[in-house]
Amino acid sequence: MQVQEAGVDSMYLGLPSTVRRNKNAVLGFLKEKMKKRISSWEGKFLSRAGKEVLIKSVVQSLPSYAMNVFLFPIGTCNELERMMASFWWKSKRAHNNGSGIVWMSWDRMTRSKADGGLGFRSLRDFNLAMLGKQGWRLLFRHDSLVSKVFKARYYPQGDYLSAELGSNPSFIWSSIFAAKDTVQLGLRKGIGSSLTVKITSDPWLPLLDRASPVPTVPRLENFMVSSLFQIHSRSWDAEVVNDLFTPDDAATILGIQIKQSVAGDYWYWFVEKNGLYSVRSC
């Protein structure tokens with residue numbers, strides 16, 4: 001059929017066709033791409049505001065496409081961030097020969113401006129957030145072809161949350177698997193019938209610091225959330241809730257809206273009002 005076999009260094013849709021053991025070498029094309037883009041700006045009389053716009057709108061978006069698929073090694077992220085920091089702090093104008101002092105670490109620069117930072121992007125965190133979106137799709141889009149392939153290969157008896165890394169995993173699956181903890185940070189159980197949600201072990205509190213309440217009385221490990229309802233009703237029993245939990249947890253639980261129209265319990269992303277995962281909120 002005259003189909004040519006892809007070479008070792010070939011590219012497909014802008015990404016390497018094959019990924020070898022040395023991930024830093026495979027993703028080296030992104031470093032060269034960023035270096036060329038920054039080099040084209042150096043020597044120009046750019047203000048701090050101009051540099052900030054270029055970094056946030058152009059440079060930080062260069063690896064976004066690859067970050068949808070691959071988990072970048074920490075070394076690669078550090079090199080890319082080092083180039084951005086060098087461009088921000090230093091200059092190659094004729095009178096200073098590229099001298100400059102890096103006054104602030106990149107970790108501090110990634111904080112919001114309200115917290116004393118500059119609002120730049122942490123590439124590692126952004127990478128995990130992008131891969132978390134793929135994990136979210138595997139968890140809820142069961143009819144997609146990629147979801148069927150990964151399920152058959154890595155978790156035939158479960159789902160993305162219960163999956164294991166497995167033996168000899170592909171680089172893409174290893175990348176998506178690494179984002180599972182990130183997805184679980186904002187994943188919560190919505191209360192419908194509450195017959196499948198355990199009080200102390202399942203994530204159902206819409207709080208960032210903890211997903212499950214800590215009862216003030218022991219031996220509630222095997223009790224379901226439905227035991228906190230009024231008898232023959234799908235509404236909270238305020239007296240029981242106040243007796244079993246601290247005032248803060250009790251107020252949080254009583255503030256959870258129970259969907260009467262939903263028969264069963266369901267998963268949702270508690271950081272967004274629509275309950276759907278987003279890279280921004282992650």
- Is it possible for you to check whether Arg48 lies under 6.0 Å from the centre of the six-membered ring of Trp88, through NZ or CZ, and within 45° of that ring's axis? yes
- Check whether Tyr154 and Leu145 end up in the same hydrophobic cluster, where Ile, Leu, Val, Met, Phe, Trp and Tyr are linked by side-chain heavy atoms less than 4.5 Å apart. no
- Would you check if the side chain of Ser64 reaches a backbone N or O of Ser61 as a donor-acceptor pair within less than 3.5 Å? yes
- Query: Just by modelled atom types, is the Leu62 backbone N or O under 3.5 Å from a matching donor or acceptor in the Lys33 side chain?
  - Reply: no
- Message: Test side-chain contact (heavy atoms from CB on, under 4.5 Å) on Phe120 and Met84; report intermediate values, then the result.
- Response: CA-CA 10 Å; Phe120 290 127; Met84 290 187 286; over 6 Å; no
- With a cut-off of 6.0 Å (strictly less than), are more than 12 heavy atoms of other residues, nucleotides or ligands near CZ of Arg37? no
- Query: Does Asp107 reach the side chain of Ser122, with side-chain heavy atoms less than 4.5 Å apart?
  - Reply: no
- So NZ of Lys180 and OG of Ser162: to nearest 0.5 Å the spacing works out to 7.0 Å
- Message: Tell me which pairs pass salt bridge (charged side-chain N to carboxylate O under 4.0 Å, His left out) where either residue lies in residues 116-136, with sequence neighbours left out.
- Response: none
- Do Asp115 side-chain atoms and Arg111 backbone N/O form a donor-acceptor pair below 3.5 Å? no
- Item | Separation between OG of Ser193 and CZ of Arg234, rounded to the nearest 0.5 Å | 6.5 Å
- If you link ILVMFWY side chains whenever their heavy atoms are less than 4.5 Å apart, which other residues fall into the same cluster as Leu185? By chain and number, please. none
- Would you say Asn242's side chain and Ala251's backbone share a donor-acceptor pair under 3.5 angstrom? no
- Note on the structure: Nearest heavy-atom contact between Leu71 and Ser175 is N-OG, 2.8 Å
- Message: I need the Ile231 CD1 to Asp237 CG distance, nearest 0.5 Å.
- Response: 8.0 Å
- Step by step, work out the side-chain contact (heavy atoms from CB on, under 4.5 Å) result for Leu30 and Phe72. CA-CA 11 Å; Leu30 287 172; Phe72 283 31; 3.1 Å; yes
- Message: Can you pull out every salt bridge (charged side-chain N to carboxylate O under 4.0 Å, His left out) where at least one residue sits in residues 264-282? Sequence neighbours excluded, please.
- Response: Glu272-Arg280
- Carefully, step by step, assess Leu187 and Tyr277 under the rule side-chain contact (heavy atoms from CB on, under 4.5 Å). CA-CA 9 Å; Leu187 196 63; Tyr277 181 97; over 6 Å; no
- Query: Side chains of Leu118 and Glu52: does their closest heavy-atom pair fall under 4.5 Å?
  - Reply: no
- Message: Do Ile176 and Phe171 make a side-chain contact, defined as non-hydrogen atoms from C-beta onward lying under 4.5 Å apart?
- Response: no
- So, Lys189 side chain and Thr196 main chain: donor-acceptor pair closer than 3.5 Å or not? no
- Do Trp89 and Val53 belong to the same hydrophobic cluster, where Ile, Leu, Val, Met, Phe, Trp and Tyr are linked whenever their side-chain heavy atoms lie under 4.5 Å apart, directly or via other members? no
- Item | Glu221 atom CD: more than 12 heavy-atom contacts under 6.0 Å | yes
- Task: For residues Pro213 and Thr200, determine if any side-chain heavy atom of one lies less than 4.5 Å from a side-chain heavy atom of the other.
- Result: no
- Task: Would you check, one step at a time, whether the test side-chain hydrogen bond (donor to acceptor under 3.5 Å, both in side chains) holds for Ser278 with Ser281?
- Result: CA-CA 6 Å; Ser278 72; Ser281 61; 2.6 Å; yes
- Look at the side chain of Ser174 and the backbone N and O of Ser170, then say whether any donor-acceptor pair between them is shorter than 3.5 Å. yes
- Message: One pair to check against side-chain contact (heavy atoms from CB on, under 4.5 Å): Met67 and Leu131. What are the steps and the verdict?
- Response: CA-CA 7 Å; Met67 284 183 172; Leu131 293 170; over 6 Å; no
- Stepwise, does the salt bridge (charged side-chain N to carboxylate O under 4.0 Å, His left out) test hold for Glu79 with Lys35? CA-CA 10 Å; Glu79 287 188 43; Lys35 187 182 297 183; over 6 Å; no
- Message: Would you say that Met130 contacts Asn68 through its side chain, given a criterion of any heavy-atom pair below 4.5 Å between the two side chains?
- Response: yes
- Task: Please examine the side chains of Tyr266 and Lys259, heavy atoms only from C-beta on, and report whether any two atoms are closer than 4.5 Å.
- Result: yes
- Query: What distance separates Glu81 CD from Thr76 OG1, expressed to the nearest 0.5 Å?
  - Reply: 11.0 Å
- Message: Grouping I, L, V, M, F, W and Y whenever their side-chain heavy atoms are under 4.5 Å apart, do Trp106 and Val58 come out in a common cluster?
- Response: yes
- Query: Is there a donor-acceptor contact under 3.5 Å from the side chain of Ser233 to the main chain of Gln230?
  - Reply: no
- Item | Residues that, via side-chain heavy atoms closer than 4.5 angstrom, fall in one hydrophobic cluster with Leu220 | Ile191, Val197, Ile199, Trp204, Leu205, Leu207, Val217, Phe223, Val225, Leu228, Phe229, Trp236, Val240, Val241, Leu244, Phe245, Ile253, Leu254, Ile256, Ile258
- Report yes or no: does Ser201 contribute a side-chain atom to a donor-acceptor pair with the main-chain N or O of Lys198 at less than 3.5 Å? no
- Apart from Val214 itself, residues in the same hydrophobic cluster as defined by side-chain heavy atoms under 4.5 Å: none
- Nearest heavy-atom contact between Thr182 and Trp269 is O-CH2, 4.1 Å
- Task: Quick one: pull up OG in Ser212 and CZ in Arg188 and give me the separation to the nearest 0.5 Å.
- Result: 8.0 Å
- What is the minimum heavy-atom distance between Leu128 and Ala178, and which atoms define it? CD2-O, 4.0 Å
- Approximate separation, where rounding is to 0.5 Å, of His142 NE2 and Lys148 NZ: 11.5 Å
- Aromatic ring proximity Tyr155/Phe150, centre distance under 6.0 Å: no
- Query: Hey, does the side chain of Ser112 reach the backbone of Gly119 with a donor-acceptor pair shorter than 3.5 angstrom?
  - Reply: no
- Evaluate the ring planes of Tyr160 and Trp173, with Trp represented by its six-membered ring, and classify them as parallel (under 30°), tilted (30 to 60°) or perpendicular (over 60°). perpendicular
- Query: Around atom CZ of Arg141, are there more than 12 heavy atoms of other residues, nucleotides or ligands at under 6.0 Å?
  - Reply: no
- Message: Could you see if Phe177 belongs to whatever hydrophobic cluster contains Val149? Use Ile, Leu, Val, Met, Phe, Trp, Tyr and a side-chain cutoff under 4.5 Å.
- Response: no
- Item | Cluster check Leu123, Tyr65: I/L/V/M/F/W/Y, side chain < 4.5 angstrom | yes
- If you link I, L, V, M, F, W and Y whenever their side-chain heavy atoms are under 4.5 Å apart, who else ends up in the same group as Val3? Met1
- Task: Answer yes when Glu32 and Lys36 have at least one side-chain N-carboxylate O distance shorter than 4.0 Å, and no when they do not.
- Result: no
